[in-house]
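Data block below; observations after.
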Amino acid sequence: MRDSMKITVRYQFLYMLFVQLAASGIAFVFGMIAFWYFTNISVAKEILSLIFMLVNFVLLYTSSKRFATLDNKPYTPLKPSKIKAVLFGCLIVLVNLVFVAVYKVIWIKYAADTGLSGVIPTILNILFYCWSFPYNGIMNMSNGYLTVYSVIAMVVVPVSATLAGYIAGLKKFDITEKMDKFIYEKDND
């Protein structure tokens with residue numbers, strides 16, 4: 001990560017988009033390589049989708065928490081703002097909703113009996129599939145159809161992750177410290 005004195009708000013927003021892209025990429029790689037067998041099984045793909053959404057949440061949470069910690073330092077030019085944390089999530093939601101709109105438009109406009117017709121619509125469909133891969137198990141994607149709860153998840157997960165992470169960073173809350181009392185190590189004396 002860049003020096004905290006050189007971090008700008010623009011950098012933070014672009015970094016959060018990159019984190020979303022990375023979360024989608026991680027989910028896509030694991031989904032296609034490690035769990036490809038389960039992606040065709042109804043219940044398994046929904047469980048995998050929930051796991052990938054959790055991974056997405058954790059990645060956005062930790063990045064937002066790190067930015068809050070840096071914003072809270074007295075020597076940085078940026079000041080902490082919970083509104084900025086919500087806007088991190090809203091930017092990701094905006095990109096998600098643009099992809100959803102493009103997906104719907106290409107299926108309305110370029111749908112044929114055998115699928116999509118045209119190279120550009122097919123490429124856009126693939127981009128949407130890859131970008132939204134953490135949610136694909138609950139989307140029930142077919143011929144332009146998406147479930148309502150998958151779109152709701154695409155709105156709720158990024159905003160809640162970035163806001164929760166930012167607040168945790170401001171309050172210096174570390175979940176691993178809180179979970180430490182549940183971990184038991186046996187002494188070998």
Side-chain angles (χ1 to χ4, degrees), residues 1-2 8-64 67 84-162 165:
M1 181 173 277
R2 296 170 58 180
T8 63
V9 174
R10 181 173 185 241
Y11 171 81
Q12 289 178 332
F13 278 95
L14 292 175
Y15 189 82
M16 293 307 286
L17 278 177
F18 175 75
V19 169
Q20 175 63 37
L21 180 65
S24 297
I26 289 168
F28 183 77
V29 168
F30 275 99
M32 292 294 124
I33 294 174
F35 302 110
W36 63 269
Y37 177 76
F38 299 107
T39 56
N40 290 330
I41 301 171
S42 172
V43 173
K45 75 178 179 180
E46 291 169 354
I47 292 170
L48 283 175
S49 185
L50 292 174
I51 292 169
F52 292 147
M53 282 190 286
L54 179 65
V55 168
N56 190 8
F57 183 93
V58 168
L59 287 173
L60 291 172
Y61 175 91
T62 55
S63 297
S64 185
F67 283 141
K84 183 170 60 170
V86 171
L87 292 177
F88 287 157
C90 287
L91 176 65
I92 295 167
V93 167
L94 179 66
V95 173
N96 287 346
L97 293 178
V98 166
F99 269 119
V100 167
V102 168
Y103 173 77
K104 290 297 220 177
V105 166
I106 63 173
W107 275 99
I108 290 169
K109 197 167 184 181
Y110 298 101
D113 293 338
T114 59
L116 287 174
S117 61
V119 175
I120 302 294
T122 304
I123 290 171
L124 290 173
N125 191 48
I126 292 170
L127 285 175
F128 173 72
Y129 182 78
C130 294
W131 177 265
S132 63
F133 196 82
Y135 309 97
N136 284 354
I138 62 170
M139 281 185 169
N140 197 16
M141 292 172 56
S142 65
N143 296 332
Y145 176 76
L146 294 175
T147 58
V148 173
Y149 53 88
S150 65
V151 176
I152 291 170
M154 291 174 83
V155 170
V156 171
V157 170
V159 173
S160 61
T162 56

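Computed from heavy atoms alone, side chains included, the values below leave out hydrogens, waters and symmetry copies. Treat the numbers as computed from the prediction; the structure is a model and nothing was measured.
- For Tyr135, there are no ring pair (Phe, Tyr, Trp, His ring centres under 6.0 Å) partners at least two apart in sequence or on another chain.
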Would Leu87 and Phe13 satisfy side chain to side chain contact (heavy atoms under 4.5 Å, CB included), going step by step from the backbone distance to the final call? CA-CA 8 Å; Leu87 292 177; Phe13 278 95; 3.7 Å; yes
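- The structure places CG of Leu14 at 8.0 Å from OG1 of Thr8, a figure rounded to the nearest 0.5 Å.
- Residues Met139 and Tyr103 are not in side-chain contact: their nearest non-hydrogen atoms beyond the backbone lie 4.5 Å or more apart.
- Closest heavy-atom contact between Pro134 and Met53: O-CG, 3.5 Å.
- Contacts of Val19 classified as side-chain contact (heavy atoms from CB on, under 4.5 Å), with partners at least two apart in sequence or in another chain: Tyr15, Leu59, Leu60, Ser63.
- Within the 4.5 Å cutoff, the side chain of Phe67 has no heavy atoms near those of the Thr162 side chain.
- Distance CZ/Phe88 to CE/Met16: 6.0 Å, rounded to 0.5 Å.
- For the atom pair CG (Leu50) and CZ (Phe52), the distance works out to 11.0 Å, reported to the nearest 0.5 Å.
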Name every donor-acceptor pair, under 3.5 Å, that has one atom in a side chain of residues 89-101 and the other anywhere in the protein, sequence neighbours excluded.
| residue | atom | partner | partner atom | Å |
| --- | --- | --- | --- | --- |
| Asn96 | OD1 | Trp131 | NE1 | 2.5 |
| Asn96 | ND2 | Met154 | O | 3.1 |

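- Considering only residues two or more places apart in sequence or on other chains, Ser64 meets the side-chain hydrogen bond (donor to acceptor under 3.5 Å, both in side chains) condition with none of them.
- For Lys109, the NZ atom sits in a loose shell: 12 or fewer heavy atoms of surrounding residues, nucleotides or ligands are nearer than 6.0 Å.
- Residue pairs meeting the salt bridge (charged side-chain N to carboxylate O under 4.0 Å, His left out) criterion with at least one partner in residues 84-97, sequence neighbours excluded, are Asp71-Lys84.
- When the ring pair (Phe, Tyr, Trp, His ring centres under 6.0 Å) test is applied to Phe28, the partners found at least two apart in sequence or on another chain are Phe133.
- Residues satisfying the side-chain contact (heavy atoms from CB on, under 4.5 Å) criterion with Tyr149, sequence neighbours excluded, are Ile138, Thr147.
- Every residue two or more places apart in sequence or in another chain was checked for a side-chain contact (heavy atoms from CB on, under 4.5 Å) with Val105, and none qualifies.
- Evaluation of the side-chain contact (heavy atoms from CB on, under 4.5 Å) rule for Ile51 yields Ile47 as partners, not counting sequence neighbours.
- The heavy-atom pair separating Asn125 from Trp107 by the smallest distance is OD1-NE1, 3.3 Å.
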